[in-house]
2 protein chains.
Amino acid sequence: MPHLQELVAQFREHGYKMTPQRRAIIEVIAGCTALHPTAEQIHDRVTVRMPDISRATVYNTLRELVATGQIFELSLGLGMRHYELSHDEHAHLVCVKCGEIRDVPGDLGRVAMLFHQDDGFRSIRHEVTISGYCAACDPARS
Amino acid sequence: MPHLQELVAQFREHGYKMTPQRRAIIEVIAGCTALHPTAEQIHDRVTVRMPDISRATVYNTLRELVATGQIFELSLGLGMRHYELSHDEHAHLVCVKCGEIRDVPGDLGRVAMLFHQDDGFRSIRHEVTISGYCAACDPARS
DNA sequence: CTCACTGCAAACTATTTGCATCGTA
DNA sequence: TACGATGCAAATAGTTTGCAGTGAG
């Protein structure tokens with residue numbers, strides 16, 4: 001459960017009010033470090049302790065957490081968005097069969113340099129997604 | 001209109017029948033090299049010359065062209081999928097304000113090396129997406 | 001002449017929105 | 001107490017599916 005107080009404080013500093021719902025959502029995300037949950041998965045988990053929370057509140061809070069830069073939104077080609085706490089730079093391995101998502105640490109700054117252009121485009125974020133088959137799903141394996 | 005005959009031939013070689021609808025879809029994609037069209041945009045363009053074509057046919061054909069490796073499906077964080085002819089390796093610059101998508105040539109093999117893991121994951125494809133503001137949309141510009 | 005392909009319409013999934021009510025600061 | 005946040009339900013957007021009819025090989 002890393003940085004929980006810090007996440008709550010940061011969120012407040014951006015001018016948002018802290019409500020039980022938002023706190024619960026932040027707690028769930030903070031407790032999911034390796035899971036890249038979807039909005040639906042976050043909603044399910046929060047619902048266990050807070051049965052009346054609405055999807056709208058989850059989506060709203062996720063949008064706000066993205067706006068503050070506290071979480072990242074991932075488009076991994078799986079048809080829905082995944083979320084993760086902002087942390088050290090890494091790429092994502094995505095199994096196209098089972099949907100498993102794994103972090104691979106690495107230097108995104110290096111990637112930025114490989115593709116840099118001097119044309120006024122100001123980049124905010126680099127996303128590196130490597131699609132393929134995980135060992136368990138690889139059809140080419142004996 | 002590059003490689004049209006080749007695309008049609010390749011598609012046939014994979015065992016698919018060539019129909020007027022599929023040919024029209026392939027023609028539209030081949031005529032869109034710099035546009036990264038969505039399924040909807042492709043449907044609109046085909047509809048001009050073939051008013052009764054259905055969305056289902058467009059989506060089916062796109063899935064098949066992805067399966068043959070002739071086109072790539074891009075998840076750029078804009079809420080829908082974009083398609084492009086498979087060609088030289090490049091990353092994508094995406095303006096988060098206006099949605100403009102631009103190709104940046106570069107060596108994806110280099111990226112693969114930066115993030116390679118020896119754990120049985122077999123990668124099929126690398127996608128590098130750089131989100132930010134294009135010169136025209138940058139709010140930090142004077 | 002057969003089986004893959006098509007159009008249609010409905011279903012589905014993920015996400016967004018409008019609005020009356022509620023509760024944090 | 002004021003205004004931002006919530007829950008609900010309906011709306012929207014993108015995509016998928018089932019099926020009866022059609023046409024490419």
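The chains referred to below are lettered A, B, ... by the order of the sequence lines, with proteins before strands, and numbering in each begins at 1.
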Contacting residues from residues 63-77 of chain A, given that a heavy atom lies under 4.0 angstrom of DNA chain D: none
What's B/Arg12 touching, base or sugar-phosphate or nothing? Going by heavy atoms closer than 4.0 Å. sugar-phosphate
Quantify the bending of the helix from C/dC1-D/dG25 to C/dA25-D/dT1 as the angle between its end axes, each fitted on five pairs, to 10°. 40°
To the nearest Å, give me how far apart NE2 (B/His43) and P (D/dA13) are. 16 Å
Counting only side-chain nitrogens and oxygens, does A/Arg22 get under 4.0 Å of the OP1 or OP2 atom of D/dA5? yes
Kindly say if B/Gln21 contacts the phosphate of C/dG7, meaning a side-chain N or O under 4.0 Å from OP1 or OP2. yes
Quick one: side chains of residues 115-122 of chain A, donor-acceptor pairs under 3.5 Å with protein atoms, not counting sequence neighbours, listed by atom name and distance.
from, atom 1, to, atom 2, distance (Å)
A/Asp119, OD1, A/Phe121, N, 3.2
A/Asp119, OD2, B/Arg102, NH1, 2.4
A/Asp119, OD2, B/Arg102, NH2, 3.1
A/Arg122, NE, B/Asp138, OD1, 3.2
A/Arg122, NE, B/Asp138, OD2, 2.8
A/Arg122, NH2, B/Asp138, OD1, 2.6

Is there a side-chain contact between A/Ser54 and the phosphate of D/dC8, meaning an N or O under 4.0 Å from OP1 or OP2? no
I'd like to know whether A/His92 forms a ring-ring contact (aromatic ring centres under 6.0 Å, His included) with A/His82, so could you lay out the CA-CA distance, the side-chain angles of the two residues, the decisive distance to 0.1 Å, and finally the verdict. CA-CA 11 Å; A/His92 292 105; A/His82 292 253; 9.2 Å; no
Measure from NZ or CZ of A/Arg22 to the centre of the six-membered ring of A/Phe11 and say whether it is under 6.0 Å with the direction within 45° of the ring axis. no
Test of understanding: clusters of I, L, V, M, F, W, Y form through side-chain heavy atoms closer than 4.5 Å, transitively. Do B/Leu76 and B/Ile42 belong to the same one? no
What's the NZ-P distance between A/Lys17 and C/dT24, to the nearest Å? 9 Å
Indicate whether OP1 or OP2 belonging to D/dT6 is found under 4.0 Å from a side-chain N or O atom of A/Thr19. yes
Hey, are B/Tyr16 and B/Glu64 close enough side-chain-wise for a donor-acceptor pair under 3.5 Å? no
Phosphate OP1/OP2 of C/dT15 contacted by A/Tyr59 side-chain N/O (<4.0 Å): yes
